Amino acid sequence: MRSAKRPTTLLLLPSLLVSMACTGNPPPPAAPHPNQPEAPLAPPASAAAAPAPARRAPDVPTRREDVVETLHGKDIHDPYRWLEDGDSDEVKAWQAAQNERTAKALSSLPGRAALTHRIESLLRIGSVGTPAVYGSKKGPKGRYFSTRQAPSEDQPVLYVRDGVDGADRKLVDPNTRGSDGLVSLDFWVPSQDGKKLAYGLSSGGDEQSTLYVMDVETGKDLPETEVIPRARYASVAWLPDGKSFYYTRYPKKGDVPAGEEHYHRKVYLHQLGRSWEKDPLVFGEDRAMTDSPSVAISPNGRWLVASVHMGWSRVEAYLLDRTAGPKATFVPIAVPKESAIYDVDVYDDFMLVRTNDGAPTYELYRVDPKKPAREHWQKILPATKDVLQAVTSIGGQLFATYIVDAHSVVKRFSATGEPKGEITLPTIGTTGGASGEWDGHEAFLGFTSFAVPSTVLRFDLTTEKVNTWAEIKPPVDASEFVVTQEKARSKDGTMVPYFLVHKKGVARDGKAPAVLTGYGGFNIAQMPAFAGSRYVMLEQGGVVAVANLRGGGEYGEAWHRAGMLGAKQNVFDDLYAVAEELIADRVTSSDRLAVMGGSNGGLLVGAAITQRPDLFRAAVCAVPLLDMIRYHKFLIAKLWIPEYGSAEDAAQFEWLRAYSPYHNVKAGTPYPAVLFATAEGDSRVDPLHARKMAALLQAEAGGDKPILLRVEGKAGHGAGKPISKRIEEATDVYSFLFWQLGMTPPG
């Protein structure tokens with residue numbers, strides 16, 4: 001609820017969008033860059049010639065094995081299981097040959113240089129982050145911490161200023177930690193007085209953070225005793241004295257059975273000057289290895305909250321009174337329930353609990369930490385039809401962020417829930433919630449929309465006025481484009497919303513090239529956000545559709561549950577309904593429509609390729625899950641069993657087998673042209689999925705449409721990807737789309 005200070009949980013993000021600069025927190029955003037003059041426009045794509053025949057590059061020779069595994073009485077064929085071993089010399093050689101094949105196919109396309117130039121001008125615009133304020137005590141001299149990225153920089157830099165109008169001073173600049181832009185800032189948490197800083201760095205997109213501690217006044221790191229490894233997505237809660245903090249970390253290899261070092265996250269207490277190896281365990285003993293705890297502490301240091309994420313539909317919360325002596329234990333804030341989320345912020349004499357227990361769109365309670373039992377809770381904000389996404393207590397007021405038809409609305413309330421008005425946002429768009437001190441006098445809101453890059457608003461509680469604290473000027477003229485919100489009827493009658501973005505004057509004659517994207521999982525809402533690289537297509541008369549599929553968080557937990565586990569097919573059917581609506585409304589046609597998504601959205605694309613190849617001309621499938629029978633065996637994927645299920649369960653095996661893209665390829669079918677994009681350093685979704693699926697489609701797809709595989713080196717799931725690599729990736733993606741959709745590049 002205090003969004004700028006809250007620890008990051010391990011989410012499976014729509015990472016293709018992250019890598020192309022459109023999503024924010026968490027993990028810390030990798031935003032766009034330099035504003036160069038717009039390239040002159042070519043004729044709209046709707047007036048261009050029909051798509052040229054696909055050119056299929058010679059296939060890479062791929063060994064096929066007769067691997068058959070019997071599960072629950074069914075034979076599962078897996079001819080490319082050998083491609084799972086990314087450390088194998090044979091796999092590396094095969095992967096290199098695939099990359100060479102893809103590079104040859106894309107680099108020779110006409111207009112590529114102009115495409116690169118425009119994409120760079122769209123992405124190199126810089127970024128600004130929402131500040132977190134520490135130590136102001138209602139005065140003007142608090143410390144303001146925020147990130148900013150200059151157009152020339154590969155990574156965002158953390159700055160601090162003394163006072164709201166003070167000069168910014170660099171604290172952590174990942175760009176100076178290496179010559180290749182691969183080091184990224186994963187998290188940062190100042191002490192309550194703003195004098196110390198805990199922060200995490202990782203390299204090559206692997207997200208395997210190392211935690212460092214800095215003296216903010218001098219800008220220098222503290223000694224080696226304060227360097228803590230295995231701090232991926234660390235949750236940090238400083239004690240008031242600034243000399244110790246609670247934090248989370250993962251075990252070292254060898255401390256747990258092989259392969260389990262990706263799990264067993266636990267809470268420890270670190271005291272400055274003491275080796276992290278001597279830090280006492282505070283919470284997490286005897287928990288399931290997939291449980292993921294985070295910590296928060298009251299400003300006075302008395303109350304410690306441990307929140308335990310168990311998948312994306314269950315969060316438990318426990319409370320410790322630190323003044324109760326050495327025998328004090330954590331007590332549950334609420335009786336743990338299946339499929340209930342308790343989101344807790346703790347203050348000196350009260351807690352705020354946002355929960356969907358009995359309220360699918362969430363409601364807010366005020367809780368006395370001395371009486372945490374449910375019967376003592378006081379309801380402050382009852383549930384409404386809109387989703388209560390986040391609440392922050394600032395200066396005695398509640399700043400509540402709601403999701404209303406897939407966009408943000410921010411309302412203010414008194415401490416007891418009386419309405420105090422709505423904060424006017426620049427346009428229909430997205431904010432992650434308010435940031436500010438509980439006893440402060442100002443609130444900050446990060447904001448973005450389809451034509452609005454990162455912007456920070458400041459609300460003064462004294463004057464009740466909003467002004468712009470920082471902003472990035474868009475590299476496009478918003479007045480030239482139209483955004484509408486429409487709905488399609490899914491297979492079971494459910495109405496599925498989607499945003500439609502295009503240039504003014506694009507005719508509905510079925511000739512416009514279009515890209516449909518979605519996510520549909522993990523309670524993550526697809527909200528309006530600036531994705532600069534999209535405009536290289538929009539400027540040429542293309543259309544972008546962003547679908548709000550079931551499985552996401554746009555309409556609360558019921559919407560999420562309608563697209564998870566055995567109901568996952570609903571997500572795919574929702575996508576097809578939107579595609580069919582785009583075709584029926586003559587926005588586009590099936591030979592000019594592409595589908596694009598990453599991570600869980602890559603699974604969505606994989607299902608679309610195999611279930612409805614007739615709907616799409618082309619597909620971009622990034623960092624995808626595609627082998628749903630074996631997905632849970634690799635990296636951190638056991639964390640996603642609550643969302644997808646596991647093939648080890650007989651009933652769950654049946655629904656996974658029914659849609660698993662890798663297991664539903666039919667020989668001879670004329671599939672769409674596909675660009676699979678993955679990365680060697682992905683520590684979330686193993687690149688084996690993309691390798692196996694590319695090999696299978698190259699061997700069995702009918703027709704002559706290209707099946708390409710792009711494997712990025714020194715990169716991961718998307719977070720922390722340097723701007724230079726994101727420009728290269730976007731150039732390849734849009735070169736592929738322009739080629740397949742018959743579009744004229746900018747020139």
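The first residue of the sequence shown is numbered 1, and numbering continues consecutively from there. In this text the structure is predicted, and so the values were computed from the model without any measurement.
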**Student:** Which residue pairs satisfy the salt bridge (Lys or Arg N to Asp or Glu O under 4.0 Å) criterion with at least one member in residues 655-680, sequence neighbours excluded?
**Tutor:** none
**Student:** Once ring pair (Phe, Tyr, Trp, His ring centres under 6.0 Å) is applied, do any residues pair with Trp559, and if so which ones, sequence neighbours excluded?
**Tutor:** Tyr555
**Student:** Got a donor-acceptor contact below 3.5 angstrom from the Lys568 side chain to the Leu656 backbone?
**Tutor:** no
**Student:** Should we count CZ of Arg508 as having more than 12 external heavy atoms under 6.0 Å?
**Tutor:** yes
**Student:** Run the numbers on Thr290 and Trp640 for side-chain contact (heavy atoms from CB on, under 4.5 Å), then give the verdict.
**Tutor:** CA-CA 9 Å; Thr290 52; Trp640 311 327; over 6 Å; no
**Student:** Counting distance only, does the side-chain N/O of Asp186 pair as donor-acceptor with the main-chain N or O of Glu207 below 3.5 Å?
**Tutor:** no
**Student:** List the atom of Cys621, the atom of Gly602, and the distance in Å for their closest heavy-atom pair.
**Tutor:** SG-O, 3.3 Å
**Student:** Do side-chain atoms of His689 reach the backbone of Asp627 as a donor and acceptor pair under 3.5 angstrom?
**Tutor:** yes
**Student:** Is there side-chain contact between Arg630 and Tyr662, with heavy atoms separated by less than 4.5 Å?
**Tutor:** no
**Student:** Within the 4.5 Å heavy-atom criterion, are Leu575 and Val496 side-chain neighbours or not?
**Tutor:** no
**Student:** Side-chain contact, heavy-atom cut-off 4.5 Å: Gln569 with Lys491?
**Tutor:** no
**Student:** Provide the closest heavy-atom pair for Gly597 versus Thr517 in the form atom of the first, atom of the second, distance.
**Tutor:** CA-OG1, 4.3 Å
**Student:** Phe616: what forms a ring pair (Phe, Tyr, Trp, His ring centres under 6.0 Å) with it, not counting sequence neighbours?
**Tutor:** none
**Student:** My understanding is that only residues two or more places apart in sequence, or in another chain, count here; which of them pass side-chain hydrogen bond (donor to acceptor under 3.5 Å, both in side chains) with Asp732?
**Tutor:** Arg112, Arg710
**Student:** For a quick test of reading the model, state the closest non-hydrogen atom pair linking Pro79 to Leu696 and the distance between them.
**Tutor:** CG-CD1, 4.3 Å
**Student:** What I'd like to find out is whether the side chain of Leu593 reaches to under 4.5 Å of the side chain of Arg617, using heavy atoms alone.
**Tutor:** no
**Student:** Any side-chain heavy-atom pair from Phe450 and Val544 closer than 4.5 angstrom?
**Tutor:** no
**Student:** When you measure from the side chain of Arg592 to the backbone N and O of Leu741, does any donor-acceptor pair fall under 3.5 Å?
**Tutor:** yes
**Student:** I need the Ile524 CD1 to Ser599 OG distance, nearest 0.5 Å.
**Tutor:** 8.0 Å
**Student:** Do any pairs count as a salt bridge (Lys or Arg N to Asp or Glu O under 4.0 Å) and have a residue in residues 637-652, sequence neighbours left out, and if so which ones?
**Tutor:** none
**Student:** Kindly determine whether Ile723 and Arg726 satisfy side-chain contact (heavy atoms from CB on, under 4.5 Å), including the steps that lead there.
**Tutor:** CA-CA 5 Å; Ile723 187 70; Arg726 291 184 13 241; 3.6 Å; yes
**Student:** Would you check, one step at a time, whether the test side-chain contact (heavy atoms from CB on, under 4.5 Å) holds for Tyr498 with Leu516?
**Tutor:** CA-CA 10 Å; Tyr498 62 96; Leu516 170 60; 5.8 Å; no
**Student:** Identify the residue among Val733, Val543, Val515 that makes a side chain to side chain contact (heavy atoms under 4.5 Å, CB included) with Met537.
**Tutor:** Val515
**Student:** Specify the closest pair of heavy atoms between Ala719 and Arg684, including all atoms of both residues, with the distance to one decimal.
**Tutor:** CB-NH2, 4.3 Å
**Student:** Are Arg691 and Trp94 in a cation-pi contact, defined as NZ or CZ under 6.0 Å from the six-membered ring centre and within 45° of the axis?
**Tutor:** no
**Student:** For the side chain of Asn600 and the backbone of Tyr519, is there at least one donor-acceptor N/O pair under 3.5 Å apart?
**Tutor:** yes
**Student:** Rounded at 0.5 Å granularity, tell me how far CD1 in Ile609 sits from CG in Asn664.
**Tutor:** 12.5 Å
**Student:** Grab the two heavy atoms, one from Val536 and one from Phe738, that are nearest each other, plus how far apart they are.
**Tutor:** O-CZ, 3.4 Å
**Student:** Step by step, work out the ring-ring contact (aromatic ring centres under 6.0 Å, His included) result for Tyr535 and Phe530.
**Tutor:** CA-CA 10 Å; Tyr535 280 88; Phe530 185 78; 5.7 Å; yes
**Student:** Quick one: are Ser590 and Leu615 in side-chain contact, heavy atoms under 4.5 Å?
**Tutor:** no
**Student:** Please tell me if the side chains of Leu565 and Trp655 come closer than 4.5 Å, counting only heavy atoms from C-beta onward.
**Tutor:** yes
**Student:** Please check: side-chain N/O of Ser490 versus main-chain N/O of Ala577, any donor-acceptor pairing under 3.5 Å?
**Tutor:** no
**Student:** Ignoring hydrogens and angles, tell me if any N or O in the side chain of Thr62 forms a donor-acceptor pair with the backbone of Val60 under 3.5 Å.
**Tutor:** yes
**Student:** Is it the case that atom CG in Asp89 sees more than 12 heavy atoms from other parts of the structure closer than 6.0 Å?
**Tutor:** no
**Student:** Please check this pair: side chain of Glu712 against backbone of Ala677, looking for a donor-acceptor N/O pair closer than 3.5 Å.
**Tutor:** no
**Student:** If only atom types and distance count, is the side chain of Asn570 paired as donor or acceptor with the main-chain N or O of Gly563 below 3.5 Å?
**Tutor:** no
**Student:** Roughly how far apart are Ser724 OG and Asp154 CG, rounded to 0.5 Å?
**Tutor:** 4.0 Å
**Student:** Would you find a donor on one side and an acceptor on the other, under 3.5 Å apart, between the side chain of Thr102 and the backbone of Leu709?
**Tutor:** yes
**Student:** Which pair of heavy atoms, one from Ala679 and one from Ala715, lies closest together, and at what distance?
**Tutor:** CB-O, 3.4 Å
**Student:** Does a donor on one side chain sit under 3.5 Å from an acceptor on the other, for Thr494 and Arg550?
**Tutor:** yes
**Student:** Using 0.5 Å steps for rounding, measure from the CD atom of Gln526 to the CG atom of Asn548.
**Tutor:** 7.5 Å
**Student:** Can we say Glu84 and Lys633 salt-bridge, meaning some charged N sits less than 4.0 Å from an Asp/Glu carboxylate O?
**Tutor:** no
**Student:** Please lay out, stage by stage, how Leu688 and Thr678 fare under the test side-chain contact (heavy atoms from CB on, under 4.5 Å).
**Tutor:** CA-CA 9 Å; Leu688 69 88; Thr678 186; over 6 Å; no
**Student:** To the nearest 0.5 Å, what is the distance between NE2 on His663 and CG on Leu626?
**Tutor:** 10.5 Å
**Student:** By the salt bridge (Lys or Arg N to Asp or Glu O under 4.0 Å) test, which pairs, at least two apart or in different chains, include something from residues 599-616?
**Tutor:** Glu580-Arg612, Arg612-Asp614
**Student:** Less than 4.0 Å between a side-chain N and a carboxylate O, is that true for Asp78 and Lys692?
**Tutor:** yes
**Student:** Could you tell me the separation between the CG atom of Leu582 and the CD atom of Glu486, rounded to the nearest 0.5 Å?
**Tutor:** 8.0 Å
**Student:** Can you tell if the side chain of Ser683 reaches within under 4.5 Å of the side chain of Gln208, non-hydrogen atoms only?
**Tutor:** yes
